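One structure is given below, encoded as C-alpha cells.
The sequence lines fix the lettering, A, B, ..., with proteins before strands; numbering per chain opens at 1. Nothing here was measured: the structure is a model prediction, and the numbers come from that model.
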Amino acid sequence: MAYQFKDIEAKWRKYWADHATYYCDTSDFSKPKYYALDMFPYPSGQGLHVGHPEGYTATDIISRMKRMQGFNVLHPMGWDAFGLPAEQFAIKNNKHPEIFTRANIEHFKNQINALGLSYDWTKEIATIDPDYYKWTQWIFLQMFKHDLAYVSDIPVNYCPELGTVLANEEVVDGKSEVGGFDVIRMPMRQWILKITEYADRLDEDLADLDWPKSTLEMQHNWIGKSTGVSISFSVADSDEEFKVFTTRVDTLFGCTYCCLAPEHPLVKKLVTPEQKEAVEEYVEASARKSDLARTSTEKEKTGVFLGVYAINPINGKKIPVYVADYVLGSYGSGAVMAVPAHDERDYAFAKKHGLDMIQVLEGDISENAMTGDAKHINSDFANGLDIAGAKAAITKKLEELGKGELKINYKLRDWIFSRQRYWGEPIPVVTLEDGTEFPIPEDQLPLTLPEMSNYKPDTNGKPPLAGAPSEWLNYETPDGRKGIRETNTMPQWAGSCWYYIRYIDPHNPNAIADPKLLEHWLPVDLYVGGAEHAVLHLLYARFWHKFLYDIGIVKTKEPFKKLYHQGMILGANGEKMSKSRGNVVNPDDIIESHGADSLRLFEMFAGPLEERKPWSTTGLDGAKRFIERAFRILDDENFRAKLSDENSGELDYSYNFLVKKVSADFEALGFNTAIAQMMVFINDCYKAEKIYRPYFEGFVKMFSCVCPFVGEEMWQMMGHKDLITFEPWPAYDESKLKKSTINMALSINGKTRDVLELDAEVTEEEAVKVAMASEKAKPFLEGKTIRKVIFVKGRILNIVVA
RNA sequence: GCGGGCGUGGCGGAAUUGGUAGACGCGUUAGACUUAGGAUCUAAUGGUUCUCCGUGCAGGUUCGAGUCCUGUCGCCCGCACCA
C-alpha cells in the first residue's frame, strides 16, 4: 500500500483528539511527574513558521519518552495573546482586538495539532482570558501590597510612533524592539516594579540552573552587579554636596575634576550665571538626543564647565565640576569622579578639554590611561600599595571622615511596568481624589477591559483607556471614597511571567493554583524556547517566581530547572528566513507535501537542537525516505515475512546498542544522533535474514516519539489494540553489547597501520604476537627495536620503535 | 572594546571525552529490477603523484591530539560611555 501519510496522519489526529489521549491528571501523584514546557507563542497573523515545530518537537519527543518511562507528564500549550499587532488591527478596523486574536489562536491551534504534538488541551490557557488575567492582576496586587509596585514620574523611553512607553529591555540601539521606531526620553507618570530589590538573588541563583552558559552569562551581565564606594564631594563655597560611585576608589588622589549627568538635579542649581547659558543649551541638546544619538558619538566626549568647584575629600583639593553626557543619569548617582590618568573615558575628556592629569599608579600614560594594577604614587598614605591595598586604605580613611561608604550598584533598573495601550491587562488600582493609590479589593477581580469605540492612544501619551466610558473610569471604594481607575495597562510580558504555574491547575476559580499541585509539579523540568528570550522573559519570570516564593505560593526558588534554546532554522541559502529574501518555508506546505512526521524527523535530524541549521529540501526528502524504509518492513510482504518470533541473534548487538544510545541521547536532547542510530538499525534490518519481532517493536516505540503518526500506525499494523503512547519504554541487555571479537587499531609510533581482529579478552602479549604477524605493519617493524608498547584494552595497541 | 560560542569531505553533521577522523543523512557514481523511472534495492564515495597528506593557520605537551596548552586568523551571537 506504500506510505500514505495523509491518511495515516488524519486518522490518528482525529483519534487522539476524540479520545483526549494526552490528558494529564495533575492530581494523580501515584507516578513521578515530568513537566515539559514550551515557550507559548504569540498568535500572530502569519501563523506558525518552521522554527516553531523545532522546539515543540523536541519537548514532544521528551514527553512521549517520559510517558513510556512511567512518568505522569504535563505537556501543555497556550497563548501569549496580548500584543501590538492585535491592537494595530483594532485601530485600523475599529474592531475589538480580541476578534483578530481569537481567529489567530484558532489558526495556530489547527496548525499545531497537525504536527502531532501531544499536548493536553484541557490545560490550554490564553493570557487574554479574564479567568487567567484575573490572577495576573492578583499577583500585581500582592506586589503592590508588598511595596514592589509604585508610581513615579520618571524619565522613560517613550516611542511616539507606538504611542507608548517601553522598558529598557525593549529598546535596542535607541529604537523600539518592535517596529524599530525612534525612542526618546521624557518624564512620565509610570508604574514601576522593583525588580532591583531582587537583583542579588536573581544573580546568585543563576549558579543552580541547568541553563545554556551564554544565557546565564547574559543575565549576569544584564544585572551587572558592581561593588565600589560612594563618595561625597562638597561643593566649594556652598552647602551643597553630591555623591559619586566608583569602583576605583584607590585612584582618588588622581581625581582632577568631577562630572554630573545632564539630568542631575544639581546641574541647574549649581551653575554660575556666567556659565548658565552654555550649560542650559548643552542640557537641552542632550535631552533632545535619542539614546542612539547619544551613544553613537562614542568617541567624542562633550561637556561644559559649570563654573563651580568641588572639594576632593581625601586631600581637600579644589577641582572643577562639569556637566557631560558621557555620564549616565540612570546609573549610580548620576555623577562621577574623574581620574584621567587611569580611566579611558576621563582621559579622552581631559585631553579634549585641557584638564589636569595626576598619575597615581606607576606606568605609562603618555598615549592612554593606565588601567592595570601597579604600585601607587602621589597618593600620600597609599603610596606603595597595590590596587587592593589602596582601596582598603582609602576607603577606611573616607569612612573615618564620614565622606564615603561601601556600595553595590546594579546595571539592572526597576521595571517600567505600564503601557499606554488598550490591549493589555488593566492595572487594578484606582487613584483616589486625595491622590493616593487604592488597590481594588481582590473580590472585584478580574477587572475586565471596557468596550471602546476608539483604540488609539492620543498624541500626548494619554492611554486609550482614558477615553473609556465613565461607568468604567469612575470608581467608588467600599467605604465611599471616589477615584478614577488607572488607564495604563500592563506590558505584554506580564502574562508570560507566570503561565507555567497556571497550566498546573488552569480552571481553579479560588486560587492561582492548588498549593498541593504546585508543590508537586514545580519546578518545570524542561523548558525549551528561543534564545531571544535569554534576558527579557526569563528574567521577569524568575523575578515573579521569587516573589511568589517569598509570599509562600510556590516552594521552589527557581521556575525552570533545565532550559534549552533551539537554534534558528535558516533558509536553504543559509540566510535568515524572511519574506524579502524569498526563502521562507511554510510548515503547512511541508505537511501537505511530505507529512508532519517527515517535517518533525527532518528538523530533529538536521543537526544539534541548539545550532542554527539551514533548511534543505533534499534533506526533507531523505527524512521521508527513512520513514518509508521503516514502514516498508511492515507494509511489504517480503519484509514482513522476515519478522520472526524466534531470535536468530543477528540483531542482538544492533538493537541493544540502539536502545542504549537512543535512551541516553533523547535524555540529553541529542536527537540527531539518536535518529542516526535508528537509521543504522533499519539498515541492519534490511541486511538481516530474520528480524526478531520484539526488537522491531522496540524500535517502533522509540521511533514513534519522533514520528508519532506513523509510529502509532505501525504499532497497530503489528497487531496491537492499545496505543503505543503508554507502552513501556524498551530495555536493553548489557550482556548483548559485549562482542566476542573486537577490531583493534594497531599503530606504530602513533600512526595507525592495521586493524587487528582480536578476542575481546585478549591480553597484551597475545595482541603483540598478532601485531608482529601483521603484513601491513611489517614494513614499519622490520629491523627496528621495540622501545615501548602501549596497550589499551578494547581501544588501541601502539608499538613504539626506533 | 568586553562577554559567550564556533571553525571537520561537494553539503548538513558524527567522533565512546586523549585512542581506527569522517557515523548517519544529502549529493554523486556504478550495477540490479523494470516498458519506463527522478521509485526501490545493492555497492562505492575525504584528497592523492599509491605513498603519503588530511579536522582554519603556526607552534607545544604526549607513545598517541579534531579533542589538552600557547599564539594567530576568520565567523556567529549578546552587551556596549555602567564610572
In whole Å, I'd like the distance from the [atom1] atom of [X] to the [atom2] atom of [N].
{"X": "A:K613", "N": "B:C6", "atom1": "NZ", "atom2": "C1'", "answer": "14 Å"}
{"X": "A:N573", "N": "B:G12", "atom1": "CG", "atom2": "P", "answer": "13 Å"}
{"X": "A:R795", "N": "B:G64", "atom1": "CZ", "atom2": "C1'", "answer": "13 Å"}
{"X": "A:L206", "N": "B:G3", "atom1": "CG", "atom2": "P", "answer": "18 Å"}
{"X": "A:Y257", "N": "B:A83", "atom1": "OH", "atom2": "P", "answer": "16 Å"}
{"X": "A:H264", "N": "B:A83", "atom1": "NE2", "atom2": "C1'", "answer": "13 Å"}
{"X": "A:M604", "N": "B:A14", "atom1": "CE", "atom2": "P", "answer": "14 Å"}
{"X": "A:K243", "N": "B:A83", "atom1": "NZ", "atom2": "C1'", "answer": "17 Å"}

Sugar-phosphate or base contact per nucleotide [nucleotides 35-46 of chain B; S, B, -; heavy atom under 4.0 Å]: -----SSS----
Considering every strand and a 4.0 Å limit on heavy-atom distances, what is the contact class for [X]: base, sugar-phosphate, or nothing?
{"X": "A:S226", "answer": "sugar-phosphate"}
{"X": "A:K213", "answer": "sugar-phosphate"}
{"X": "A:D621", "answer": "nothing"}
{"X": "A:V680", "answer": "sugar-phosphate"}
{"X": "A:T618", "answer": "sugar-phosphate"}
{"X": "A:P212", "answer": "nothing"}
{"X": "A:G622", "answer": "sugar-phosphate"}
{"X": "A:R612", "answer": "sugar-phosphate"}

Which nucleotide, [options], lies nearest any side-chain atom of [X]?
{"X": "A:K411", "options": "B:A83, B:C79, B:C63", "answer": "B:C79"}
{"X": "A:M679", "options": "B:A83, B:C24, B:G3", "answer": "B:C24"}
{"X": "A:P608", "options": "B:U20, B:G19, B:G13", "answer": "B:G13"}
{"X": "A:E217", "options": "B:G4, B:U20, B:A83", "answer": "B:G4"}
{"X": "A:Y326", "options": "B:C81, B:A14, B:C79", "answer": "B:C81"}
{"X": "A:T752", "options": "B:G78, B:A83, B:U20", "answer": "B:U20"}
{"X": "A:F245", "options": "B:C79, B:A83, B:G4", "answer": "B:A83"}
{"X": "A:D325", "options": "B:A83, B:C81, B:G19", "answer": "B:C81"}

With rounding to whole Å, what would you report as the distance between [N] and [M] at their [atom1] atoms?
{"N": "B:C53", "M": "B:C2", "atom1": "P", "value": "39 Å"}
{"N": "B:U42", "M": "B:U48", "atom1": "P", "value": "28 Å"}
{"N": "B:A30", "M": "B:U20", "atom1": "C1'", "value": "28 Å"}
{"N": "B:U55", "M": "B:G60", "atom1": "P", "value": "15 Å"}
{"N": "B:G22", "M": "B:G71", "atom1": "C1'", "value": "28 Å"}
{"N": "B:G18", "M": "B:G5", "atom1": "C1'", "value": "23 Å"}
{"N": "B:G19", "M": "B:U29", "atom1": "P", "value": "37 Å"}
{"N": "B:G47", "M": "B:G9", "atom1": "C1'", "value": "9 Å"}

Dot-bracket encoding per residue of RNA chain B, Watson-Crick/G-U cut-off under 3.5 Å, | denoting interstrand: (((((((..(((......[....)))((((((.......))))))((....))..(((((..]....))))))))))))....
N/O contacts under 3.5 Å, protein versus nucleotides 47-52 of chain B?
none

Look at the side chain of [X] and the backbone N and O of [Y], then say whether any donor-acceptor pair between them is shorter than 3.5 Å.
{"X": "A:N656", "Y": "A:Y732", "value": "no"}
{"X": "A:Q4", "Y": "A:K6", "value": "no"}
{"X": "A:Y257", "Y": "A:P340", "value": "no"}
{"X": "A:E603", "Y": "A:E54", "value": "yes"}
{"X": "A:K613", "Y": "A:L609", "value": "yes"}

Whether A:E650 and A:K687 form a salt bridge (side-chain N of Lys/Arg under 4.0 Å from carboxylate O of Asp/Glu) is what I want to check. no
Pairing of A:E217 and A:K213 as salt bridge, 4.0 angstrom limit: no
Can you work out whether A:V800 or A:A623 has the more 5'-proximal nearest nucleotide on RNA chain B? A:A623
Between A:D346 and A:V755, whichever has its closest RNA chain B nucleotide further toward 5' is A:V755
Could you tell me whether B:G9 is syn or anti, where syn means a glycosidic angle within 90 degrees of zero? syn
Syn or anti for B:U17, taking syn as within 90° of 0? syn
Kindly state whether the ring of A:F605 and the ring of A:F671 have centres lying under 6.0 angstrom apart. no
How about A:Y686 and A:F639: are their ring centroids closer than 6.0 Å? yes
Where does the angle between the aromatic ring planes of [X] and [Y] fall among parallel (under 30°), tilted (30 to 60°) and perpendicular (over 60°)?
{"X": "A:F703", "Y": "A:F699", "result": "parallel"}
{"X": "A:H353", "Y": "A:Y322", "result": "perpendicular"}
{"X": "A:F233", "Y": "A:F242", "result": "parallel"}

Is there a salt bridge (Lys or Arg N to Asp or Glu O under 4.0 Å) between A:D343 and A:R248? Walk through the geometry before answering. CA-CA 9 Å; A:D343 181 280; A:R248 288 296 305 276; over 6 Å; no
So, is [X] close to the [N] phosphate, meaning a side-chain N or O under 4.0 Å from OP1 or OP2?
{"X": "A:Y331", "N": "B:A83", "value": "yes"}
{"X": "A:N672", "N": "B:C24", "value": "no"}
{"X": "A:S616", "N": "B:G13", "value": "no"}

Non-hydrogen side-chain atoms of A:V229 and A:T247 separated by less than 4.5 Å: no
Are the side chains of A:Q677 and A:D665 in contact, using a 4.5 Å heavy-atom criterion? no
Would you sort out whether A:D636 and A:R632 count as a salt bridge (Lys or Arg N to Asp or Glu O under 4.0 Å), showing the intermediate values? CA-CA 5 Å; A:D636 180 293; A:R632 194 171 295 126; 5.7 Å; no
Ignoring hydrogens and angles, are the base of B:C81 and the side chain of A:K301 linked by a donor-acceptor pair under 3.5 Å? yes
